[in-house]
There are 2 protein chains.
Amino acid sequence: MTIAQAIRDGIAARIRSGELKPGHRLPVEHEMVAAYGCSRATVSKAMASLAAAGLIERRRKAGSFVARPHLEQAVLAVPDIARIVGERGEVYGWRLAERRAAKATDLADDDPHPGARLFVAGTHLAGGAPFAIERRLIALDAVPGVEEADFEREAPGSWLLARIPWSEARHRIDAVAASRADAMALGIASGAPCLRIERWTWRGASPVTHVVQVFPGDRYSLVARFGPSD
Amino acid sequence: MTIAQAIRDGIAARIRSGELKPGHRLPVEHEMVAAYGCSRATVSKAMASLAAAGLIERRRKAGSFVARPHLEQAVLAVPDIARIVGERGEVYGWRLAERRAAKATDLADDDPHPGARLFVAGTHLAGGAPFAIERRLIALDAVPGVEEADFEREAPGSWLLARIPWSEARHRIDAVAASRADAMALGIASGAPCLRIERWTWRGASPVTHVVQVFPGDRYSLVARFGPSD
DNA sequence: AAGTGGTCTAGACCACATA
DNA sequence: ATGTGGTCTAGACCACTTC
């Protein structure tokens, strides 16, 4: 364990235990240098880490203070479906249902970035049974070579993940009732509750892909954990 | 903009643009010191930040490499319901439905930490109409004073948030069909799809609270964003 | 005006993974 | 055995904010 980690964990523990209450002022850095017998850079690193984790707030000239607790965000595991299925110990599969040229507005009306898209729809399979369905638009200009890709064999998500350098994403998570068509594809009752995940991905300012995935509510849960960072 | 930020952003931009492809080896730190004309600590800080963001991977003796893109996690906004309602421009309210002594297993069977609990159930209101229902267990030993709290006036979530020093949390997000009772409380049809959020909160090793919140699927979506850090 | 955190330098030692 | 990243020191200057 590094010195910076030890300092951070010690203070974090005193905050979590309630010994240091919200609003409490922590010693200034030079006092902590004396108390811990290390350099100021090390103290500073520990304090910066606490601030990044939201445990403390730091203000110049004023000092460092224990923050009010807040639970406003958590790290969400975003489904890489092939991996999820593999971790369940089932065999992953993909079945292409449709592939055609499309426009940006075919999946949603609010896409401000026009341009040619490829529409791909299909079903993710776990142990041969439907696990999730997916409808996806891929921007042709952002993804060279996509028109030659073989989406009969490989799901477009993993194909893209291996080729697009980096991305920014926005997710929207909903509960919806399965439409007739979706229920058929998933082998569930029409109207059954489903978890719907919609994801927009960009590369810089240009959209790369926009996907809607629908999971039967009884077959998949998202799990997120939030705790002391590191 | 600091030197470390400038170095980080420059490399991040080259990775996102595709100029630096996954697997590409970046210069070693002492070369970057020469290239940027700064100290090694500054280069190291920039590279550590890139590694924390998942853009690069660093291995001792081997060097630093552009990482394969991955979108496995995102920062999830966890509902602080009063705030959500306020941001929608509606008036928040809370209606207590039930309050009684309970056991840890009353909400789920798998709580390994026995002990006395307080059970609280009620409805969150937006503009007077039901917005979400909540069922909650609160551990008496972890939350002194909870037996005297007035949950007629204040929702237990915000009451707890203002008093519990810090917490670790686990979330589970599901799509479920509204039960008869939940549908009545929410003013929706029985069986309608709902987003169900379950959260366990700890303080150190001891559980603090365990809550199930149910939102009508058409009234609330979770939104997550994932992008370049900072 | 003074004190605080934010950042940087130049140098050092070490653990570790690879060659 | 060697080179890499990981961490730390001691000191410095600066920007900002409150006093």
Engineer: Ignoring the backbone of B/Lys61, work out which of D/dG5, D/dT2, C/dG6 is nearest its side chain.
Structural biologist: D/dT2
Engineer: In whole Å, I'd like the distance from the NE2 atom of B/His30 to the P atom of C/dA12.
Structural biologist: 16 Å
Engineer: Can you tell me if CZ on A/Arg88 sees more than 12 non-hydrogen neighbours from other groups inside 6.0 Å?
Structural biologist: yes
Engineer: Under 4.0 Å between any heavy atoms, over every strand shown, what does A/Ala4 touch: base, sugar-phosphate, or nothing? Just pick one.
Structural biologist: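 Since only primed, P, OP1 and OP2 atoms lie under 4.0 Å of A/Ala4, the category is sugar-phosphate.
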Engineer: Checking A/Ser64 against A/Arg58: is there a side-chain donor and acceptor pair closer than 3.5 Å?
Structural biologist: yes
Engineer: Rounded to whole Å, how long is the line connecting atom CE of A/Met32 with atom P of D/dC8?
Structural biologist: 13 Å
Engineer: Distance check needed: D/dC19 P versus A/Arg60 CZ, whole Å only.
Structural biologist: 16 Å
Engineer: Mind calculating the distance between CD (A/Glu57) and P (D/dC16) to the nearest angstrom?
Structural biologist: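 Rounding to the nearest Å, CD of A/Glu57 and P of D/dC16 are 19 Å apart.
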Engineer: For the side chain of B/Ile3, counting heavy atoms from C-beta on, which of C/dT9, C/dG5, C/dA12 is nearest?
Structural biologist: C/dT9
Engineer: Please state whether the phosphate of D/dT7, meaning OP1 or OP2, lies under 4.0 angstrom from any side-chain nitrogen or oxygen of A/Thr42.
Structural biologist: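 It does not, given that no N or O in the side chain of A/Thr42 lies less than 4.0 Å from OP1 or OP2 of D/dT7.
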Engineer: Report the nucleotide, chosen from D/dT7, C/dG3, C/dT7, that has the shortest atom-to-atom distance to any side-chain atom of B/Lys45.
Structural biologist: C/dT7
Engineer: Rounded to whole angstroms, how far apart are CE on B/Met47 and C1' on D/dT7?
Structural biologist: 16 Å
Engineer: With the side chain of A/Ser39 defined as its heavy atoms from C-beta on, choose the nearest nucleotide among C/dC8, D/dG5, D/dA10.
Structural biologist: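 Within the option list, the nearest is D/dA10.
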Engineer: Looking at A/Val208, is its backbone amide N or carbonyl O close enough to the side chain of A/Thr201 to form a donor-acceptor pair, meaning the two atoms are under 3.5 Å apart?
Structural biologist: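 Pair absent, no side-chain N/O of A/Thr201 close to backbone of A/Val208.
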Engineer: Rounded to the nearest angstrom, tell me the gap between atom CZ in A/Arg25 and atom C1' in D/dC19.
Structural biologist: 12 Å
Engineer: Rounded off to whole Å, could you give me the CG-to-C1' distance for the A/Leu26 and C/dG5 pair?
Structural biologist: 13 Å
Engineer: Could you check how far CZ of B/Phe65 sits from C1' of D/dG5, rounded to whole Å?
Structural biologist: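 Nearest whole value for this atom pair: 12 Å.
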Engineer: Identify which nucleotide among C/dG6, D/dT9, D/dT4 has an atom closest to any side-chain atom of A/Arg40, counting heavy atoms from C-beta outward.
Structural biologist: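 Minimum distance to the A/Arg40 side chain belongs to C/dG6.
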Engineer: Out of A/Trp202, A/Phe119, A/Trp200, which one pairs with A/His210 under the ring pair (Phe, Tyr, Trp, His ring centres under 6.0 Å) rule?
Structural biologist: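 Among A/Trp202, A/Phe119, A/Trp200, the one meeting ring pair (Phe, Tyr, Trp, His ring centres under 6.0 Å) with A/His210 is A/Trp200.
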Engineer: Are B/His124 and B/Tyr92 close enough that some pair of their side-chain heavy atoms sits under 4.5 Å apart?
Structural biologist: yes
Engineer: Give B/Ser64 one of three labels, base, sugar-phosphate or nothing, depending on what nucleic acid heavy atoms sit under 4.0 Å from its own.
Structural biologist: sugar-phosphate
Engineer: By nearest heavy atom, map A/Ala62 and B/Arg58 onto DNA chain D; which one lands nearer the 5' end?
Structural biologist: B/Arg58
